[in-house]
Amino acid sequence: MAILSPSILGADVLNVKRDLEATEAAGVKWLHVDIMDGHFVPNMSFGYSFVSALKKATDITLDVHLMIEKPIRYVEEFCRAGADYLTVHIEADTPENISHTLDKIKELGVKPGIVVKPKTGLDAIKPYLEKCELVLVMTVEPGFGGQKFMADMMPKLRAIREELDRVNPDCHLEVDGGVDLVTGEICKANGANVLVAGSAFYKAENKTSFREKIEA
Ligand code: DX5
Ligand code: ZN
């Protein structure tokens, strides 16, 4: 069974509480929180005070996606703020520093994960897969919601699932970017079990039915 992780970036910023309540009412178990630094990606979003406010407001599992250059500088704050899963991009620092960052997240009692941008292949993350509880494959260039799904990421997704089955079968495999009811089916068929959806979820008239279809 798959898990839907709605991206709160797709909510209405002036009505986050209302949209969070609608998210809970739809029976959602995970919430995806995009953190952008205006440097690793050409956009800015939320800081750790937002994660901390979400943690106080809801029991939903917080899946925090850091799009930050040299994330080691901030992981402590995001772990303390209440992230349940904390993912960092392999491209955001040297591979050795990212490996060390994953260890630090784990030491802080949070589930670590690694993210790959569209141009990054399986080989770049292979040595670190055993340290991860979540691997996130971007199906758009990170930075903005509402972009078109890149179907050409599917061979990489399938290759990562096959490698995880070999070395770390309990690790979640997540996709992020342009996921809706149609592209979500393609991702599940290629091995994803956690699906992020921002615009498609927050635009859906019936959020419970959207979740049930994604999680079917
Ligand atoms: C993009 C973010 C995504 C984004 C997804 O950089 O990582 O999580 O919110 O939004 P949609 O589902 O609209 O593509
Ligand atoms: Zn994201």
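We count ligands from 1, going down the list as the structure has it; atoms in each ligand are counted the same way. It should be emphasised that the depicted structure is a prediction, and the values quoted were computed from it without experimental measurement.
- The shortest contact between atom 13 (O) of ligand 1 and any protein heavy atom is with Ser199 OG, 2.3 Å.
- Test Gln147, Met153, Lys148 against Thr139 for side-chain contact (heavy atoms from CB on, under 4.5 Å) and you get one pass: Met153.
- Ligand 1 lies nowhere less than 4.0 angstrom from a heavy atom belonging to Gly10.
- Results of the side chain to side chain donor-acceptor pair (under 3.5 Å) test with Asp63 over Lys111, His32, Lys29 single out His32 as the only residue that passes.
- Among protein heavy atoms, atom 6 (O) of ligand 1 sits closest to Gly143 N, 2.6 Å.
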Between His89 and Glu91, does a side chain to side chain donor-acceptor pair (under 3.5 Å) hold up when you go through it step by step? CA-CA 5 Å; His89 273 265; Glu91 308 88 356; 2.9 Å; yes
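- Considering backbone and side-chain N/O of Glu141, none are found under 3.5 Å from N/O of ligand 1.
- For ligand 1, the polar-atom distance check finds no N/O of Leu9 at less than 3.5 Å from any of the ligand's N/O atoms.
- Using a distance-only test at 3.5 Å, with no hydrogens or angles considered, a donor-acceptor pair links the side chain of Thr23 to the main chain of Asp19.
- Lys104 places no side-chain N or O within donor-acceptor distance of the main-chain N or O of Ser99, the cut-off being under 3.5 Å.
- At a 4.0 Å heavy-atom cut-off, ligand 1 touches Phe144 through the backbone alone.
- Listed for the Asn43 side chain is a donor-acceptor partner under 3.5 Å among the backbone atoms of Gly143.
- Considering both main-chain and side-chain atoms, Gly198 comes within under 3.5 Å of ligand 1 through a nitrogen or oxygen pair.
- An N or O contact shorter than 3.5 Å links Gly146 to ligand 1 by distance.
- Considering both main-chain and side-chain atoms, Gly178 comes within under 3.5 Å of ligand 1 through a nitrogen or oxygen pair.
- Considering just the N/O/S atoms of His65, the one nearest the Zn ion (ligand 2) carries the name ND1.
- Within Asp176, the N, O or S atom lying nearest to the Zn ion (ligand 2) carries the name OD2.
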